[in-house]
Structure formats: C-alpha cells, structure tokens
Amino acid sequence: MQMQTQHKTIAYEHHHYPDERGRFGNFGGKFVPESLMTPLAELEAAYLDSLKDEAFQEQLRQLLHHYVGRATPLYYAPRFSAMVAPGVKIYLKREDLAHTGAHKINNALGQALLAKRMGKKRIIAETGAGQHGVASATACAMLGLECIVYMGEVDIERQSLNVFRMKLLGAEVRAVSSGSRTLKDAINEAIRDWVTNVETTFYLIGSAIGPHPYPRIVRDYQAVIGQEARQQIIEQEGRLPDIVMACVGGGSNAIGIFYPFADAPSVQLIGVEAGGVSLQPGQHAATLVAGTPGVLHGTLTYLLQNEDGQILDTQSISAGLDYPGVGPEHSYLKETGRATYVSASDTMTLHGLQALSQSEGIIPALEPAHALGYLLEIGAQGKLAAGTVIILNLSGRGDKDVLTVAKALNVQVQA
Ligand SMILES: *Cc1c(COP(=O)(O)O)cnc(C)c1O
C-alpha cells in the first residue's frame, strides 16, 4: 500500500520515540487486523512490566553473559584500518563472537524469556535466510519452549543447512507455498497463525520491524550492542567515535548500535544497505536509499514498491539483507537527517569480505561486509580524514557464507 507521509519537517528527538501510538515521527504504528489490537496491547503491557521486574532483568543479564558470551569485544583493527585510509582508526564490535555467530540471539533470547514470563509456551517465528530461525530455535531449546518456524519453500531449498540446524535444535519448520514462497510470504503465514492461536502463542519477530511494540522491543534488546560499545570506546580511545556504522536489512543490528549513540550529535550514524547488482528496480534491497513510504507487515515505513503499491523483488548476494521493507525507526532517522543511509554493491561487498579476512584473520558474514566494502570505497576516494575514529558493527561471522562466496568468485569447492 502506497502512503503519502505528511512531509512536515521533523526534528530528531531522542527520548520520545516511539510515542504512545507507536509512532517514530511519521512512521511506525499498528496497521493490523482488529483481532491483533488486543494481543499487541497485552504484549506492550507485559513488556513494560518486565522492565520494572528486577529479577527478570537480572536473569536476562546473566544469560547474555554466561550463555551468549557478552560483553562481545570491541577490537581495533589496525591492518584493515590501514587499507581504508592513512591515520583512520576502525574498531569492530564483535557480534560475530556471540553464541550462534551473530547478533540475532540477543533479541531471540529476550523475546523468548518475555514469552515465558507471559505464560506462553508455543513460539512461532518466520525466517528467510534461516538465521533468525536458528536463533529462535536455540533460545527455545534452552528455555524448554515449543518452536515453530515458518519458511518459504524457495528459502527452504536455498538454506537447507539452516533448516537442518533448526530441526537438530528441536524446532518444527513449516513450509510456506503461497506467493513468491520467500520471507514476506512466511511473515504473512506467521501472522495468520498468531491471529488463530493468540491465547497460547508468542510471535517472536526477528528484526526491528512489524507493528508497535515490536520495533521498540527489538531495538531495546539489541541496544546492548551500542551500550557496550559506548563504554568500550571511552575506555580505549577516551572519547566518543566520529562515525558508527552498520549494515541494514530489517535494521536490528543497526538500531542496536545506533540508539545508544543517537543522543550524541557529534557521532555520525551511517547505515549501509544491499546495493545488489544495480539500483534498478528488482536488482537490490536498498530500501531507504531507493524506496518510498508505504505499509507492510503492520508498519508504515520505507518500502521497495511500484506505483500501485506492489512489493518489488529484491536481490542481494546476502540473503540476510534481502527484505523489501525496513524498521520504521530507520525511516525516522533518515527523515530527520539524524542518520545517513547508503548502499554497497555485491562487488564492493565481496571486496570488503576478502579484505577483512586477509588483513585481520576474521571472515565476516556477507551482511556486515557491505559496510566494510563501503568503507574501503570512501577511503579510496579520500573522504576519511586521518584521526577519524569509526565503530563498525560486525554483526556476524562468515562461516555460513563461504559456499556463496566461492561461487561468486568462480571457485569450485566440494560441499
Ligand atoms: C540477519 C542478519 C542481518 C540483517 O538483519 P538486521 O535486522 O538488519 O540486523 C545482518 N547481519 C547478520 C550477520 C545477520 O544474520
């Protein structure tokens, strides 16, 4: 659905969003069937209540430490920094070292604990690349919850290893055969399940998307990344960074690292989207760079759509960034100018992945490799002054992507 936003100029206000209607400026809200209004209100009440429950917060902190392995390191990458530009200092926030190899577990664990506190023992989730399905199945196994993951038939085929991982972890994977048989269809199916089974079921959303209060809940569970990074950079550099960067799919790792820095005007926030093959319609997933506002999956936000409001196909070397929408808080950060959004092509991304692997001995996931590739590009253009301090959120490790990379580089590997 295409929507005109009011186009009044809005200023970024740190502590007021989302407001009581779940809006981030002109974006966000709850565009859902009547039957979901009460469950969403119950979820919001339970979430706000959990913030005041000291025992709950302590249990979450303990699990993030002993099970997930937090705090993750903030690593100064000297050899990669030298490849980008002389005198620039790049720090990597090592979410790749979290349990299951990416940031998604922070949110999956938080929401699964919240479900348990609400007395809901049946968890549903949806997944495209399979990473959120694996994080949800992991959290559910550890907490003894039933886990059902909706996944498009096309994705099941493309991501068979992650399907098997979920099954090993005790989850049930349900194939979705409607529409394009990918992530957006799996989300529609999960919403349908939630409407039908709302009494017993908790819908565990995997990125900072969906109707209010999900974008806020996911942001808050991921904000641990930025809170740690802010403290760590003060310890190591004695000051705030000049730039904080992250890749943006649905936007959860980016909002998690941006939010705790957003009240500091000297810190520039840069989100890097998937530029795919080109910025022609259907050849990328750069929603904020090339999209327009509209409603998808319960929220008003930037989308990739045509003039009739039909959702466009997306394309990216990285399955995890391949979503035609984006979290509404990022639309707000774009519209207020508080953050800047750019894109990196598949080629730049491969370059970034190889450069970090060879200079630092860290094989990154393809998603954050977009931000690495973008840095190499602007460094080569002479746009980064000596002395610039940058934190880049290394959202995940690259083990899952090695076959994709080999194929892109025309290398034969035995699977
Ligand atoms: C899923 C994923 C992303 C994209 O999701 P966001 O919600 O935008 O963070 C980025 N990096 C990795 C490693 C992922 O697994």
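Numbering of ligands and ligand atoms starts at 1, following listing order.
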Region of His132 engaging ligand 1 - heavy atom pairs below 4.0 Å: neither
Criterion side-chain contact (heavy atoms from CB on, under 4.5 Å) on Tyr150 and Arg192, from CA distance to verdict: CA-CA 11 Å; Tyr150 287 92; Arg192 217 160 292 157; over 6 Å; no
Nearest protein heavy atom with distance in Å, relative to atom 11 (N) of ligand 1: Ser395 OG, 2.8 Å
Distance from atom 14 (C) of ligand 1 to nearest protein heavy atom, with residue and atom: Lys104 NZ, 2.8 Å
Residues Arg174 and Glu189 bridged, charged N to O under 4.0 Å: no
Atoms in ligand 1 flagged as close to Gly251, the criterion being non-hydrogen separation under 4.0 Å: 6 (P), 7 (O), 8 (O)
Polar proximity ligand 1 side, Asn253 side, N/O cut 3.5 Å exclusive: yes
N or O contact, Ala208 vs ligand 1, cut-off under 3.5 Å: no
Ligand 1 versus Glu95: contacting region, heavy-atom distance under 4.0 Å: neither
Atoms of ligand 1 close to Cys247 [distance to a heavy atom under 4.0 angstrom, numbered from 1]: 10 (C)
Those atoms of ligand 1 less than 4.0 Å from some heavy atom in Ser207: 6 (P), 7 (O)
Minimum-distance protein heavy atom relative to atom 10 (C) of ligand 1: Glu367 CB, 3.5 Å
Residue, atom name and distance, where the atom is the protein heavy atom closest to atom 4 (C) of ligand 1: Gly320 O, 3.4 Å
Contact check: His103 vs ligand 1, nitrogen or oxygen atoms, below 3.5 angstrom: yes
Test item: Tyr214 and Thr299 side chains (from C-beta on) under 4.5 Å apart, heavy atoms: no
For Gly249, the ligand 1 atoms whose distance to one of its heavy atoms is below 4.0 Å: 8 (O)
N or O contact, Gly250 vs ligand 1, cut-off under 3.5 Å: yes
